[in-house]
Each structure stands twice: as structure tokens, then as C-alpha cells.
Amino acid sequence: IYTPTSSLTQLSLEPTHHLPEGETSTYIDFYLCEDRLCLKKESQDPIALTSGRVKVSNLEFLQITTTTPSVQINLKIDYKTLAEKPEYQASVNTTFTVSLRSY
């Protein structure tokens, strides 16, 4: 985890493998671009990881300090619909934790 740019709304990673040719370090960021979850690799344009048919309405990254660095991710995704009927509306609110590995 690259802490200088990581925050509640952005997770920055400094991977040690699969570096760009001639580089000794690189960075990968996860954050919201408007209402989509995006991934951005250093010196590249962001890539949307979620469909345009859904809206990410909450994204939080919480670092958990243990013997193994971990991140808790809180994510809420709503289905975009123009229909007013409740049966056409959907939402998911999830929390999960990932632990980082190093080789």
C-alpha cells in the first residue's frame, strides 16, 4: 500500500512485480471516476471496472494494521434504471477485506 496517496476514497498500490520495462517502481490506483470504479496504472488512462449500467454510490478503503497489511473495502452499487417501479430497482452494499501478499 502506497500510503502517501492512499485515503478513504482512493487505494494506491506500489507493486513489486510486472514492472514496466526499465522501471524500478510503478503505482496502481483504485478510485471513483464520477460514478464508476476505476483502475489507473501509472502513465496510463484510467479504466472503468464497473459497467455504465450501474452507479457506485459509496467506495471506502480502510487500512487494517495487523502482521499482514490488509484493506477493508466498503462498496455500494446501484442499478441505473429510469423505471419508478421498485421491482426494477436494485442495490448491493458489501464489505470485504483483502490481505496483501509479497513474494
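Just the heavy atoms: all of them, side chains too, but no hydrogens, waters or symmetry mates, feed the values below. None of these values were measured; they are calculated from a predicted model.
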For Tyr2 and Leu11: C-alpha separation, side-chain torsions, deciding distance, then whether side-chain contact (heavy atoms from CB on, under 4.5 Å) applies. CA-CA 8 Å; Tyr2 187 67; Leu11 177 64; over 6 Å; no

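Both Ile1 and Ile28 are members of a single hydrophobic cluster when ILVMFWY side chains are connected at heavy-atom separations under 4.5 Å. Hydrophobic clustering (ILVMFWY, side-chain heavy atoms < 4.5 Å, transitive): Tyr88 and Val92 are in distinct clusters. Follow the hydrophobic side-chain contacts under 4.5 Å out from Phe30 and you never reach Leu8; the two are in separate clusters. Hydrophobic clustering (side-chain heavy atoms under 4.5 Å, transitive across Ile, Leu, Val, Met, Phe, Trp, Tyr) groups Leu49 together with Leu13. Follow the hydrophobic side-chain contacts under 4.5 Å out from Tyr31 and you never reach Val98; the two are in separate clusters.
Side chain of Arg36 to main chain of Ala48: no donor-acceptor pair is present (N/O by atom type, distance under 3.5 Å, no hydrogens or angles). A donor-acceptor distance shorter than 3.5 angstrom exists from the side chain of Ser70 to the backbone of Thr68, with no hydrogens or angles considered.
Applying the 6.0 Å contact sphere to NZ of Lys40 captures more than 12 heavy atoms from other residues, nucleotides or ligands.
Looking at heavy atoms from C-beta onward, Asn74 lies out of side-chain contact with Phe61 at the 4.5 angstrom threshold. Residues Ile73 and Thr95 are not in side-chain contact: their nearest non-hydrogen atoms beyond the backbone lie 4.5 Å or more apart. Contact annotation: the side chain of Val71 never approaches that of Ile64 to less than 4.5 Å [non-hydrogen atoms, C-beta and beyond]. In this structure, Lys80 and Arg53 have side chains that are not in contact, with every pair of non-hydrogen atoms separated by 4.5 Å or more. The closest side-chain heavy-atom distance from Leu59 to Thr9 is not below 4.5 Å. Two residues are said to be in side-chain contact when any heavy atoms from C-beta on lie closer than 4.5 Å; Leu75 and Asn58 fail this criterion.
Residues Tyr79 and Val54 come closest through the heavy atom pair CA-CG1, 4.3 Å. Scanning both residues, Lys76 and Asn93, for their nearest heavy atoms gives CB-OD1, 3.9 Å. When every heavy atom of Leu37 is checked against every heavy atom of Leu32, the shortest pair comes out as N-CD2, 4.1 Å. The two residues Ser6 and Gln63 have their closest heavy-atom pair at CB-NE2, 3.8 Å. The minimum heavy-atom distance between Tyr27 and Pro15, with the atom names listed, is CA-CD, 4.3 Å. Considering every non-hydrogen atom in both Glu42 and Ser25, the closest pair reads OE1-O, 4.0 Å.
In this structure, the separation between CG on Asp35 and OG1 on Thr50 is 7.5 Å, given to the nearest 0.5 Å.
Defined by atom type and a distance below 3.5 Å, a donor-acceptor pair is present between the side-chain atoms of Ser12 and Gln10.
The existence of a salt bridge linking Lys41 and Asp29 is excluded, since no basic side-chain nitrogen approaches an acidic carboxylate oxygen closer than 4.0 Å.
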